[in-house]
Number of protein chains: 2
Amino acid sequence: MATLKQVAAHAEVSVQTVSNALNAPHRLRPDTLERVNRSIELLNYRPNRNARSLRTSAVELIGYCVPNWPNQTHLVMDQFLHALCAAAERTGRHILLFTAPPGVDGMPVYDDLHARRLVDGFVLSQTETHDPRHGWLKEQKIPFISFGRVWKETTQPGPWVDVDGAAGSAMAVRHLHEAGRRRIAFLSWSKSSGLAEDRLGGWRKACKELGLPTSGLAVRCREDSITEGARATAELLDADPFLDGIVALSDILALGALRELGRRGLTPGVDVGVTGFDDSPLADVVSPGLTSLRQPMDDIAAELISILTDPDGPPDASTERLLHPELVIRGSSAPG
Amino acid sequence: MATLKQVAAHAEVSVQTVSNALNAPHRLRPDTLERVNRSIELLNYRPNRNARSLRTSAVELIGYCVPNWPNQTHLVMDQFLHALCAAAERTGRHILLFTAPPGVDGMPVYDDLHARRLVDGFVLSQTETHDPRHGWLKEQKIPFISFGRVWKETTQPGPWVDVDGAAGSAMAVRHLHEAGRRRIAFLSWSKSSGLAEDRLGGWRKACKELGLPTSGLAVRCREDSITEGARATAELLDADPFLDGIVALSDILALGALRELGRRGLTPGVDVGVTGFDDSPLADVVSPGLTSLRQPMDDIAAELISILTDPDGPPDASTERLLHPELVIRGSSAPG
DNA sequence: GCCGATGTTTTTAACGTTCAAAACATCGGT
DNA sequence: ACCGATGTTTTGAACGTTAAAAACATCGGC
């Protein structure tokens, strides 16, 4: 593989002139530039990333920790990763994957990756309540951006991009209301989940605005499973036979709702409208298709990378971006 | 962050002596080694990966293309990625993610990543029938290892690690047979899928060995969806009311089978035993749990990395490793 | 013709490791 | 005391880029 030196010899200029042709072509006389570019092309020159990184101290790699929590589904992770990679590539960067223990035990891994110049910074996701990574990275002055807020914190310990769960729930409520539903329930998680509280709040607010009842219509599921979604739906239907709408906090819970409706001979989209969250692969493969709130992965990724790679310097801790989900309407809420 | 030079000054030795302390400690007198190690620790020295890579021409990064095919589920990709990262890390390497168009159009991306010394080699997955990547990388003498064979090729164009789908299907058949099932069907895909043909062959072989019928008991699904799985199961049950076992080529199809059984008032694990493949998150969240064939992700990843990073040189094109899946038994085939 | 300003190209050094050769120190045999 | 062999440490250069300073070329005004 040709080096700058070989290209320079071929074009009969100095190494610096070839480097200028690549990085500051305006410095060169047109005829010199043309001659150098021809040599670059003829020799199929490709810049060596290591050499450049050594001199500039920028490796153009962004670290991302691949999650592996037991009993957790990551049904849309491939979409997120693809969007993240594509966004990083558009800025000439790439994503370096790594593993780390959760919580504070993982900090040495982040530290080592940055100290050894394997990455310039990090994209965080799967944020937990009281997630320690953000504060730690901020303290170490290691650049990062978070996909997701750190819930239950008085102040955010770093810049983040997130999807507006509350707005999403509200959107789902309005959609069901427009379809004629008047008693709309919400399938939630434990109170300790900030994300759940956020989405529950959106459901409540929208019902209030539309003059719909909320009392006794929100049920907490102990875990994110189809079984729990079905159980919660049974509980709701037993207590309220006139229930005609369900907004679920996740696609998994929504599938549980669909399961229970099926068991009771109720038709989704006709007797009861059902919506989920995440627009995972499940939403498309169930019958009828599940109406679900899609997270705008391409926009999320673009924002994350844009904030992290801002040429004006490391992202400000107060940077926040809330993006809107998109409601993908399928048969579970509106037969067609 | 301290450099070798600073550590050397602190320990009052040459830079090379510090490098030797790290990489060839046997060369040093014990007291010199101790003094140098103390300085390394005191100054919290961390080697700069770029400098080393520039000198050695090895970047210790392995490229992996994050798949993004429309209408394809990657339900276990997070497990695979985690296992791959962990295996790579155990050898001091990391995974660099990238995107590329499918087929031959993606080759320039692979070429560029290797030419620019961003990666040392690649792990390939999601192998298609007549996948062009393998032959191309082999021709370019770029190191790679494939998770999955290239189906329908007379000779394999490169080293691979794969899971024995045929053995998996056979395992599932035997399991159902042991549970008393005697008319066991197989839910497959299109004939053009080599993977499907392989698994179908395993089902057929095991049935033959056990003296079980196979005629009319294999059905092809047009796509990997719950709907198609349900449709195919309906077709099977209509034609054969005595059917008492179903081996599905994937968890998605198996879920379709469970759906259809539910519709007919048949109890999985009691009336009909059902198994799937991949042991995806779905297998655990449906009720009853789905018996499924789990791919040994940790073993797969360990083999992939071991072959790719063999110190004896680039992997031989004839290297092949077939690993056995594990049948995870849940309620869909054996109530408990 | 000279000189200051500007444009263009080259020269020098740096980044931080590793590799290989050289230098130095030590030891045992003569 | 000398010398060859071996152990230990140092020296010099290399990897391939980029950054900054220096050198060279050109031009217009005086």
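Keep in mind that what you see is a predicted model, and the values were worked out from it rather than measured. Quick note on labels: first sequence line is chain A, next is B, and so on, each numbered from 1.
Between the CG atom of A:Leu33 and the C1' atom of C:dT9 there is a distance of 13 Å, rounded to whole Å. Atom CZ of A:Arg27 and atom P of C:dT9 are 12 Å apart (whole Å). Counting to the nearest Å, the P atom of D:dA19 and the CG atom of A:Leu22 are 12 Å from each other. The CD-P distance, from B:Glu12 to D:dT9, rounds to 14 Å in whole Å. In this structure, B:Gln16 places its CD atom 12 Å from C1' of D:dA14, rounding to the nearest Å. As a whole-Å value, the separation of A:Asn20 CG from D:dT18 P is 9 Å. Following rounding to the nearest Å, B:Arg29 (CZ) and C:dT26 (P) show an atom-to-atom distance of 8 Å. One atom, CZ of A:Arg46, and another, P of D:dC15, lie 20 Å apart when rounded to the nearest Å.
Within the nucleic acid shown, B:Ser57 has no heavy atom closer than 4.0 Å to any nucleic acid atom. Within the nucleic acid shown, A:Thr56 comes within 4.0 Å of sugar-phosphate atoms alone, with no base atom in reach, counting heavy atoms only. Among the atoms of the strands shown, base atoms are found under 4.0 Å from some heavy atom of B:Val15.
Distance check: B:Met77 CE to B:Leu81 CG gives 4.5 Å after rounding to the nearest 0.5 Å.
Using bins of under 30°, 30° to 60° and over 60° for the plane-to-plane angle, the ring pair B:Phe144/B:His134 lands in the perpendicular bin.
Looking at every heavy atom in both residues, A:Val59 comes nearest to A:Ser53 through CA-OG, 3.5 Å. A pairwise comparison of heavy atoms in A:His10 and A:Ser39 identifies ND1-OG, 2.7 Å as the closest pair.
Comparing atom distances between the B:Leu4 side chain and each of D:dA19, D:dT9, C:dT17 picks out C:dT17 as nearest. When the nucleotides D:dT17, C:dT10, D:dT11 are ranked by their closest atom to the side chain of A:Pro47, D:dT17 comes out on top.
Distances shorter than 4.0 Å separate some side-chain N or O of A:Thr17 from OP1 or OP2 on C:dT10. Applying the 4.0 Å criterion to OP1 and OP2 of D:dG16, one finds that A:Thr3 has every side-chain N and O outside that range.
The only member of B:Tyr64, B:Phe80, B:Trp160 that meets ring-ring contact (aromatic ring centres under 6.0 Å, His included) when paired with B:Phe147 is B:Phe80.
Contacts between residues 48-55 of chain A and DNA chain D, defined by a heavy-atom separation below 4.0 Å, involve A:Asn48, A:Ala51, A:Arg52, A:Arg55, listed by number.
The existence of a salt bridge linking A:Glu34 and A:Arg38 is confirmed by a sub-4.0 Å separation between a basic side-chain nitrogen and an acidic carboxylate oxygen.
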Chi angles and distances behind the side chain to side chain donor-acceptor pair (under 3.5 Å) call for A:Asn20, A:Gln16: CA-CA 6 Å; A:Asn20 284 339; A:Gln16 191 55 44; 3.2 Å; yes
